[in-house]
Amino acid sequence: MRIFGRRTEVVPSPNIWYHADVYERENQVQDVDDAIWAYLASQVMWHGADVVDVGCGAGFHLPRFATTANSVVGVEPHPPLVRRASRRTAGRPSVAVLKGTAQRLPLPDASADVVHARTAYFFGPGCEPGLAEADRVLRPGGALVIVDLDTGVAPYGDWMLADLPRYRQAEVDTFFADEGFTCERITTRWSFPDRETMEAVLRIEFSPRVAARAVVETLRLNRDTEGRFDLPVGYRVLVRRKPDGLVRASVPRAGHGTLAES
């Protein structure tokens, strides 16, 4: 991917890399109604499957997959997060955490049934190497699932665009559609237990100026409530399956049938 005009394999995530404890609290307040998990369960079977979580961070989602999966591998490029994820899953023999990147997954060919990535690496044009790697490690019929934020849902999407004025979601949507993904838009509810948590989370997600705006607008949204602070946040859930049979690679010339296994 390109960042600041040059190619890099690992783009730092300033929220979780530098504020891992606050990000842990953020994970706890996200999608409290399990809307994303409910949709994933309707689209992808991970019961008894081999699952890979790309960009697993501190491993927050690994135990949930591990409750029914045959095996779970978390892949994360940042060593301190690898150590956190390993501590979180200690004592679970079906879970492994490995250092690696989306472009160079430390896994054999055709070793996974599901590759899952949540707000990690797959942000549109430029992520083709990671898509190719996911296809390499997936078995035929396996699914690549990408969960990313939807800038079309206010107010969180507006705050994102204020910090990313060059981001064009329509272009990203077109990219993934052209790559063969289905897209489901899901509006979730983040629920902060108190103002301190709300402010801490918003301040690691946005620039100081935008974070200050986000805090004020969140308080305004919850002016008639007591205790908790709720926030609607939109996501796009993208799913692509690896073909599981023979597909015709080209129109055969006279007397020559051409098939390629995909």
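Source: prediction; values computed, not measured.
Gln169 contributes a side-chain N or O that, together with a main-chain N or O of Thr151, makes up a donor-acceptor pair within less than 3.5 Å. Looking only at distances, no side-chain donor or acceptor of Lys242 sits under 3.5 Å from a matching main-chain atom of Gly142.
Closest of all the heavy-atom pairs between Cys56 and Val97 is SG-CG1, 4.4 Å. Glu24 approaches Ala58 most closely through the heavy-atom pair OE1-CB, 4.4 Å. For the residue pair Gly59 and Arg88, the shortest heavy atom distance occurs at O-CD, 3.1 Å.
A salt bridge links Arg25 with Glu196; the closest basic N to acidic carboxylate O contact falls under 4.0 Å. Salt bridge annotation for Asp163-Arg213: absent, with no cationic side-chain nitrogen under 4.0 angstrom from a carboxylate oxygen. Between Arg236 and Asp150 there is no salt bridge, since none of the side-chain N atoms of the basic residue sits less than 4.0 Å from a carboxylate O of the acidic one.
Sorted pairs that involve residues 122-131 and meet salt bridge (charged side-chain N to carboxylate O under 4.0 Å, His left out), not counting sequence neighbours, are lacking altogether.
Atom-to-atom distance recorded for Trp159:CH2 and Leu202:CG is 5.5 Å, nearest 0.5 angstrom. The line from CZ of Arg92 to CZ of Phe65 is 13.0 Å long, rounded to the nearest 0.5 Å. Between the CZ atom in Arg241 and the CG atom in Asp135 there is a gap of 13.0 Å [rounded to 0.5 Å].
Aromatic ring orientation, Phe176 versus Phe181: perpendicular (interplanar angle above 60°, classes split at 30° and 60°). Aromatic ring orientation, Trp17 versus His78: parallel (interplanar angle below 30°, classes split at 30° and 60°).
No side-chain heavy atom of Phe122 sits less than 4.5 Å from a side-chain heavy atom of Leu238.
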